[in-house]
Every structure is written in C-alpha cells, then in structure tokens.
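Notes to accompany the following structure.
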Amino acid sequence: VRLARRLAPYGLTGPGALWLVVFFLIPMFAMLVLSLETPLPTVGFKQAGYQFTWHFSQYSQAWSQYHVQFVRSLVYAGIVTVVTLVVGYPVAYWIAFKGGTQKTTYLFLILLPFFVSFVIRSLAGQFLLSSDGIVFSNLERIHVLPQGFHVLGTPTAVISGIAYNSLPFMVLPLYVSLEKVDRAVVEAASDLYASSRQVFLKVILPLSVPGIFAGFLLTFIPAVGDYVNNDILGGTNTTMIGNIVQREFLNDQNYPLASALAFILMIGLMIGILIYARVLGTRQIEEYV
Amino acid sequence: VSAKVETAEPLPVELAPAVHREPKRSWKSHILGIYTKLVIAYLLIPIAVMILYSFNSNSAAATQTSPKVSFRWQGFTVAWWKAWNAIPDLTSALGNSLYIAVVSTIVATILGTLIALALVRYHFRGSGTLEVVMFMNIAAPEIVLGAALLSFFVLINFHQGLLSIFIAHVMFNIAFVAIVVRARLAGFHREIEEAAQDLYANAWETFIKVTLPLIWPGILAGALLAFALSIDDFVTTNFVAGQTVTFPLWVYGAVKVGIPPQVFVMGTAIFLAGLVVAVINVFSSRRAARERQAR
C-alpha cells in the first residue's frame with residue numbers, strides 16, 4: 001500500500017508528462033539538431049537532404065541576414081507593451097475600484113473578443129483600417145482626412161493590431177493585482193493626509209507591480225513572435241521575425257536556417273522567462289495566467 | 001461633519017455614511033468610467049464588424065464563382081446564413097477544426113486533470129520540474145512551439161496532417177487544463193473522500209462517486225478553455241498541418257484573395273455558441289455557489 005501511494009503521483013502525471021516530454025521538450029532539442037545540419041549538395045533539381053554537422057554557421061548567417069527583423073520585433077513588442085499598459089491600467093483600475101457590482105460583467109466584456117477567431121479579429125482590423133473601410137472612407141468623405149490617406153501597411157497598423165490583441169492579456173493581470181490591494185491600506189493612507197495622487201503613486205502603484213510584470217510577460221512574448229498581424233495589416237517594410245521563421249520553414253523549407261532563427265528567438269525569450277520565474281515564482285505568474 | 005449632516009438633513013441614517021464617503025473629485029472617476037467603457041467598446045468593434053458583414057448583401061459576391069466580401073456596406077441580407085455551406089472547402093475545414101477540437105479537448109482534459117490531481121495531493125520528486133516545464137510550455141510563444149514540433153516531425157519523417165495537428169493541440173492544452181483544474185481543486189476537502197472509504201467504498205468507487213462530481217465544474221472549465229484554444233489556434237497548427245486545412249487556416253489563406261461572407265457566418269456561429277456555453281457555465285456555477293451557501 002505504501003509503495004502504491006509512492007507510485008501514485010507518477011502514475012497520474014505519467015501520461016501527460018510523457019506527452020509534454022515527447023512533443024514539447026524533445027522537439028526543442030530537435031530544433032537545435034536541425035539548426036546544426038547543413039544541406040547536402042543538390043542532385044538535379046531535388047534537394048538531397050541534410051546532414052548533421054557541428055556547424056554553427058546557420059546562426060551567424062541567421063543573425064547577419066535577419067538582425068533587422070529581430071530588432072524590429074523587439075521594438076514593436078516593446079511599444080505594444082507600453083501602449084497596452086498605458087491604455088489598460090486605467091481600465092483595470094476603474095473596474096477594480098469603481099466597478100462595484102458590475103465588475104464581472106466588465107471583465108466578461110473584455111474577454112468577449114476571445115470568442116472570435118484570432119484570424120477574424122485581425123481581419124476586422126483590416127476592415128477598419130482599410131482606406132475604403134467604414135471609418136476612413138467616411139472620414140475622407142467629410143474631409144477630416146486628406147484624400148489617399150492610408151494606415152494599412154505601416155508600422156502603426158501592425159502595432160495597433162498586436163496591441164488590440166494583447167490588451168485583454170494586460171488588463172486581466174492588472175485587474176487581479178489591483179483587486180488584491182487591501183482597501184484598508186488605501187484608506188489608511190488618505191487618513192494620514194496623503195493626497196489622492198500620493199495614494200496612487202506610493203500605495204496603489206507599488207502594490208500592483210506584480211500585475212504589471214505578469215501583464216508584461218503575457219503581452220511582450222506573444223508580440224515578439226507574432227506574424228499574423230503583420231501579414232494581414234503590414235507591408236514589406238514591417239516584416240517581423242515571426243514572418244521570416246514562418247517563410248523559411250513553410251515556403252522555402254530551409255529547415256536549418258529556419259530552426260536556427262526559431263532557436264535564437266526561443267533562447268532569448270526563455271532566458272527572460274526563467275529569470276522572471278526565478279524572481280516572481282512560477283505559481284504567482286500562473287495565477288495570473 | 002457627518003454627524004451634522006445627519007441632523008441637518010432629513011436623510012435616513014443608513015444613507016449618511018454613503019454621503020460622507022462620496023469622493024470629492026467624483027468627476028475624475030466619472031471620466032475614468034467613460035474611458036473604460038470606450039475601451040471596452042473598442043474591444044468589441046471587431047465582433048460587431050464580423051456579425052455585421054455576415055449580413056452584408058454583396059451583389060458582386062452573388063455573381064462571382066468565389067464570392068468576396070466588399071469593404072462597403074451594401075444592405076442587409078440573410079442569404080449567406082442560408083448558404084452557409086456553399087463553399088465545400090470551407091465547410092470541410094470547419095469540420096476538421098471541430099473534429100480536432102473535440103478529440104484533443106477530451107485527451108488534454110484527461111491528461112491535464114490527472115496532473116492536477118497529482119500536484120495537489122502528493123509531494124513527489126520531480127513535481128518542481130514538471131511545474132517549470134508546464135510554465136515554459138505556457139509562456140513560450142506559439143511560433144516556437146510550432147517550429148519545434150515541425151523540426152521534430154521533419155527529423156523523424158512523421159507525416160503532417162490531422163494526427164500531427166491533434167498531437168500539437170493536446171501538447172499546448174495539457175498545461176492550461178492542469179492549471180485551471182488545480183485552481184478549482186484548492187478548496188477540496190480530503191475528509192469527504194476519507195469518509196467514503198471509511199464506509200467501505202474502494203478507491204475507484206470513491207473517485208467516480210465522490211471525487212469526480214465534486215471537481216467536475218473545474219474539469220468542465222478546463223475543457224472549455226482547451227476547446228476554445230484548439231478551435232481558434234492558427235500559429236502552431238499552421239506549422240504542423242501539412243496539407244490539411246482547418247478553419248483558421250482557410251480564413252488566413254483566403255485573406256489575400258478575398259474573404260467570402262460564409263467565413264463571417266461561421267465565425268458568428270462559433271462566437272454565439274461560445275457565448276451561450278460561457279453564460280450557462282457562469283450561471284450554473286453561481287447557482288452551485290448559492291446552493292452551497294444555503295446549506
């Protein structure tokens with residue numbers, strides 16, 4: 001019986017853990033292996049395959065060829081995070097402190113876009129931002145905007161598309177952390193003659209820092225790897241690293257280069273995530289997820 | 001001050017504290033409230049667009065072999081709702097999506113629930129590692145999950161199709177289900193199970209008749225999340241799909257050539273179904289909470 005009790009957790013976690021090992025951890029390793037392969041000389045028109053070598057040349061090539069897109073992805077994701085934080089914080093604050101009995105309704109409305117397919121959501125963005133869409137065509141007609149005005153294809157369109165998709169992921173953890181703020185502490189501060197600005201800056205804001213961190217994680221990381229928004233809303237001069245990875249993998253089938261790119265992306269983000277998990281603990285972040 | 005107010009005005013005493021607590025600068029929170037509602041409205045616009053354009057009568061679309069949605073509003077019609085399955089490729093893509101969502105949800109929910117049970121009940125070696133792996137799985141961007149899995153399939157020469165999509169969907173859903181179920185398990189009292197076993201129920205009977213009914217709402221919530229993530233998944237699926245097409249993949253492919261209104265019809269239908277299930281879930285869990293309180 002004691003042995004059964006000792007083995008029980010392994011029996012329970014076994015199948016799921018095995019699935020994660022085989023289809024999540026081993027593939028990560030497979031990606032590394034693939035990135036170290038070099039193409040065999042082509043026979044006729046057909047690619048003859050790849051051979052494993054300890055050549056890291058894919059990595060230097062990947063970096064020298066695509067560092068612009070890497071940096072651009074980080075910059076876009078950074079802007080997206082700041083924008084969603086600035087736009088989302090007041091929303092989370094108001095719902096947490098003034099939402100009253102309607103809190104769950106507001107949260108539900110914020111989650112509602114997730115019931116719509118991600119691709120369709122980006123597409124709706126295209127409808128809205130397109131020059132002959134319902135917004136700009138009418139603004140042009142009443143001469144608020146100059147003729148020939150366009151947003152599609154610009155960084156603004158891509159960033160606002162990603163920001164739109166990330167906003168709920170920023171608002172929810174912020175709300176959770178603000179909701180946890182002890183109201184008695186806030187009252188105590190104002191009883192001690194703190195102005196409302198001081199109450200916010202010295203009490204509420206510091207107490208909501210975990211929410212800001214979680215929101216940062218939930219928006220920044222998906223934003224760096226995003227390529228759908230750029231594909232639908234962007235143009236050739238807004239290409240992100242996700243687009244390159246997707247193209248090299250699926251269109252050009254240059255697997256070594258593609259997996260080298262994805263591996264650089266993963267290592268960079270994973271180091272960030274693990275430092276994060278160390279600082280805050282995985283439990284706390286999962287709570288916000 | 002408040003005492004004076006109470007005596008000076010013919011207000012009921014119970015209302016007086018509320019008067020006292022009224023913040024001085026309520027216009028500020030008023031503006032914040034309006035702002036919040038505007039942001040929420042902005043978030044809901046794409047839903048409105050999707051529903052609206054599923055009713056957009058489009059003369060060009062009716063005559064062409066592949067009808068496209070025009071950005072211009074041309075009047076109301078229910079024609080697209082009647083002809084929702086007029087595009088065979090799209091209908092079969094939706095079928096693939098539903099099929100994979102159902103099957104992968106069932107598998108991921110079972111595996112995730114078992115992990116959650118183990119993590120809540122036992123302290124065992126490797127539980128920390130498992131948590132880190134699950135955390136990485138959730139935190140890793142989808143493009144990395146998809147790229148890694150494709151690398152793996154390429155290396156072992158695994159055929160990419162329905163099966164590989166199913167594998168991928170279970171892979172990214174297990175951790176989500178485990179976390180949702182674990183959160184609901186936190187308030188679970190082991191004493192109830194022990195009581196059942198004292199009354200000569202064996203381990204299996206205890207699980208089926210006592211444990212499962214109690215943790216069922218949590219499992220259902222995990223399954224709903226898994227289903228939603230699966231049916232909507234684009235990025236990971238795109239990497240491992242091979243020649244197989246799911247609903248999001250079909251829509252994505254159609255963006256460049258033009259979106260037929262049927263896409264918005266199906267999108268709206270999925271949206272409404274999700275909405276109904278979510279609302280039912282909220283109300284039934286609220287009622288359960290009320291019943292528990294009443295007891």
Side-chain angles (χ1 to χ4, degrees), chain A residues 8-9 12-13 15-17 19-20 23-28 30-31 33-34 87 90-91 94-95 98 106 109-110 112-121 123-125 127-128 130 132-134 167 217 221-222 224-225 228 232 242 245 249 255 259 262 265-266 269-270 273 277 282 286 289, chain B residues 25 29 32-33 35-36 39-40 43-47 49-50 71-73 111-112 114-115 117-118 122 124 130-133 135-144 147-152 154-155 167 170-171 174 179 228 232 234-235 239 247-248 251-252 255 259 263 267 270-271 274-275:
Chain A
L12 289 172
T13 53
W19 201 290
L20 285 177
F23 299 118
F24 173 57
L25 289 184
I26 292 179
M28 294 284 178
M31 196 158 75
V33 170
L34 205 56
V87 172
V91 174
W94 189 82
I95 297 176
K98 319 275 176 182
Y106 289 124
L109 288 176
I110 284 176
L112 212 51
F114 290 119
F115 290 97
V116 176
S117 190
F118 169 55
V119 180
I120 294 184
R121 260 183 280 146
L123 200 67
F127 270 55
L128 290 174
S130 130
D132 56 352
I134 35 182
L167 191 56
L217 191 76
I221 286 175
V224 173
V228 175
I232 295 180
V245 171
F249 255 114
Y255 295 127
S259 46
L265 184 65
M266 185 196 71
L269 294 177
M270 277 297 161
I273 293 168
T282 53
E286 273 173 19
V289 177
Chain B
R25 267 169 270 169
S29 73
L32 260 188
Y35 168 80
T36 300
V39 170
I40 290 176
L43 280 173
L44 298 182
I45 287 175
I47 302 177
V49 168
M50 176 185 73
F71 288 142
R72 293 199 183 282
W73 179 252
L111 298 182
L114 292 178
I115 290 182
L117 280 169
Y122 303 94
F124 56 101
L130 182 61
E131 295 222 18
V132 170
V133 170
F135 176 72
M136 273 167 52
N137 182 268
I138 286 179
E142 267 211 89
I143 192 163
V144 168
L149 206 50
L150 177 61
S151 306
F152 178 60
V154 165
L155 271 185
I167 288 173
V170 174
M171 179 269 291
I174 289 177
I179 284 164
D232 186 28
F234 172 75
V235 176
F239 273 88
F247 179 66
V251 176
Y252 187 74
V255 168
I259 296 289
V263 165
I270 295 174
F271 168 73
L275 193 64

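Just so we're on the same page: letters track the sequence lines, and every chain starts at 1.
Under the 4.5 Å side-chain criterion, counting only non-hydrogen atoms from C-beta, B:D232 is in contact with A:R121. Between A:W94 and B:Y35 the shortest side-chain heavy-atom distance does not fall below 4.5 Å. Taking the side chain as every heavy atom from C-beta outward, A:I95 and B:T36 approach each other to under 4.5 Å. Considering only heavy atoms from C-beta on, A:K98 stays 4.5 Å or farther from B:L32 through its side chain.
Contact count against chain A (heavy-atom pairs under 4.5 Å) is highest for B:V235 among B:L117, B:V235, B:I270. Heavy-atom pairs under 4.5 Å with chain A peak, among B:V133, B:L130, B:I45, at B:V133. The candidate with the highest count of non-hydrogen atom pairs below 4.5 Å against chain A, out of B:G267, B:A228, B:P141, is B:P141.
Judged purely by atom type and a 3.5 angstrom limit, A:W19 uses its side chain to pair as donor or acceptor with the backbone of B:I167.
In this structure, chain A has a heavy atom under 4.5 Å from the side chain of B:I174, while its backbone stays farther away. Only the side chain of B:M50 comes within less than 4.5 Å of a heavy atom in chain A; its backbone stays farther off. Heavy-atom distances place both the backbone and the side chain of B:F239 under 4.5 Å from chain A. With a 4.5 Å cut-off on non-hydrogen atoms, A:V224 does not touch chain B at all. Heavy-atom distances place the side chain of A:L269, and not its backbone, under 4.5 Å from chain B. Contacts of A:L167 with chain B are made by side-chain atoms alone, with heavy-atom separations under 4.5 Å and no backbone atom involved. Both the backbone and the side chain of B:A140 come within contact range of chain A, judged by heavy atoms closer than 4.5 Å. For B:L275, the parts lying near chain A are the backbone and the side chain together; criterion is any non-hydrogen pair under 4.5 Å. With a 4.5 Å cut-off on non-hydrogen atoms, B:F271 touches chain A through its backbone and its side chain both. Residue B:I115 touches chain A through both its backbone and its side chain, counting heavy-atom pairs closer than 4.5 Å. Using a 4.5 Å cut-off between heavy atoms, B:V154 contacts chain A through its side chain alone, with no backbone atom that close.
Looking at every heavy atom in both residues, A:V245 comes nearest to B:A147 through CG1-CB, 4.5 Å.
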_From CA spacing to verdict: side-chain contact (heavy atoms from CB on, under 4.5 Å), B:V39, A:V87_ = CA-CA 8 Å; B:V39 170; A:V87 172; 4.2 Å; yes
_Pair A:I110-B:I40, side-chain contact (heavy atoms from CB on, under 4.5 Å): steps then yes or no_ = CA-CA 6 Å; A:I110 284 176; B:I40 290 176; 3.9 Å; yes
*Tell me, with the steps shown, if B:E142 and B:F234 meet side-chain contact (heavy atoms from CB on, under 4.5 Å).*
CA-CA 9 Å; B:E142 267 211 89; B:F234 172 75; over 6 Å; no
